[in-house]
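Let me begin by presenting the structure, written as structure tokens, before commenting on it.
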Amino acid sequence: MANHKSAIKQARQDLKRRERNRGVKSRVRSLVKALRQDLAEDKAEPEQARDVEKALRKAASKGVIPKRRASRQVSRLARQVAKNAKG
């Protein structure tokens with residue numbers, strides 16, 4: 001356990017951030033999972049893909065997930081959506 005006043009405050013802030021980040025990660029994962037499921041069933045819509053991209057990019061800009069990971073996921077999902085739209 002932290003002993004210094006500043007370390008105690010930092011521990012409190014870490015808990016708040018962890019909870020907030022956990023919520024953001026959970027939401028992003030749920031959106032991605034739903035999009036992938038809809039792609040598999042040929043029910044995906046462009047608006048849904050835009051919402052997923054927005055959530056991924058926002059999470060990356062807040063530092064919840066790495067920017068490169070977000071870009072990679074957006075790219076792969078966009079490719080799948082485009083492929084799904086053609087076929």
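Every heavy atom of this structure was used, including side-chain atoms; hydrogens, water molecules and symmetry mates were not.
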Which pairs, with at least one residue in residues 26-38 and sequence neighbours excluded, count as a side chain to side chain donor-acceptor pair (under 3.5 Å)?
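Sorted pair list: Asp38-Gln48.
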Pairwise side chain to side chain donor-acceptor pair (under 3.5 Å) hits with a residue in residues 5-14, at least two apart
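For residues 5-14, and leaving out neighbouring residues, the side chain to side chain donor-acceptor pair (under 3.5 Å) pairs sorted by first residue read Gln10-Asp14.
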Which heavy-atom pair separates Ala60 from Pro66 by the least distance, and what is that distance?
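Heavy atoms only, the tightest pair is CB-O, 4.3 Å.
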How close do Val28 and Ala55 get, counting heavy atoms only, and between which atoms?
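Looks like CG2-O, 3.8 Å.
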So Arg57 and Val74, side-chain contact (heavy atoms from CB on, under 4.5 Å) or not? Walk me through it.
CA-CA 8 Å; Arg57 299 232 186 256; Val74 165; 3.4 Å; yes
Partner residues of Ala2 under the side chain to side chain contact (heavy atoms under 4.5 Å, CB included) criterion, sequence neighbours left out:
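Result, side chain to side chain contact (heavy atoms under 4.5 Å, CB included) vs Ala2: Ala7, Ile8.
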Applying side chain to side chain contact (heavy atoms under 4.5 Å, CB included), name anything that partners Glu47, two or more places apart in sequence or on another chain.
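Side chain to side chain contact (heavy atoms under 4.5 Å, CB included) list for Glu47, sorted by chain: Glu45, Arg50.
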Can you tell me how far apart OG (Ser71) and CD1 (Ile65) are? Round to the nearest 0.5 Å.
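Answer rounded to 0.5 Å: 9.0 Å.
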Can you run down the salt bridge (Lys or Arg N to Asp or Glu O under 4.0 Å) pairs that involve residues 68-82, sequence neighbours left out, and say none if there aren't any?
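Applying salt bridge (Lys or Arg N to Asp or Glu O under 4.0 Å) to every pair that reaches into residues 68-82, excluding sequence neighbours, yields nothing.
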Residues in side-chain hydrogen bond (donor to acceptor under 3.5 Å, both in side chains) with Lys67, at least two apart?
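In terms of side-chain hydrogen bond (donor to acceptor under 3.5 Å, both in side chains), with neighbours along the sequence ignored, Lys67 is linked to no residue.
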Under a 4.5 Å cut-off applied to non-hydrogen side-chain atoms, are Leu35 and Asp51 in contact?
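SC-SC contact between Leu35 and Asp51 ruled out.
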Would you say Val64 and Lys25 make side-chain contact, with heavy atoms under 4.5 Å?
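Counting from C-beta outward, Val64 and Lys25 do come under 4.5 Å.
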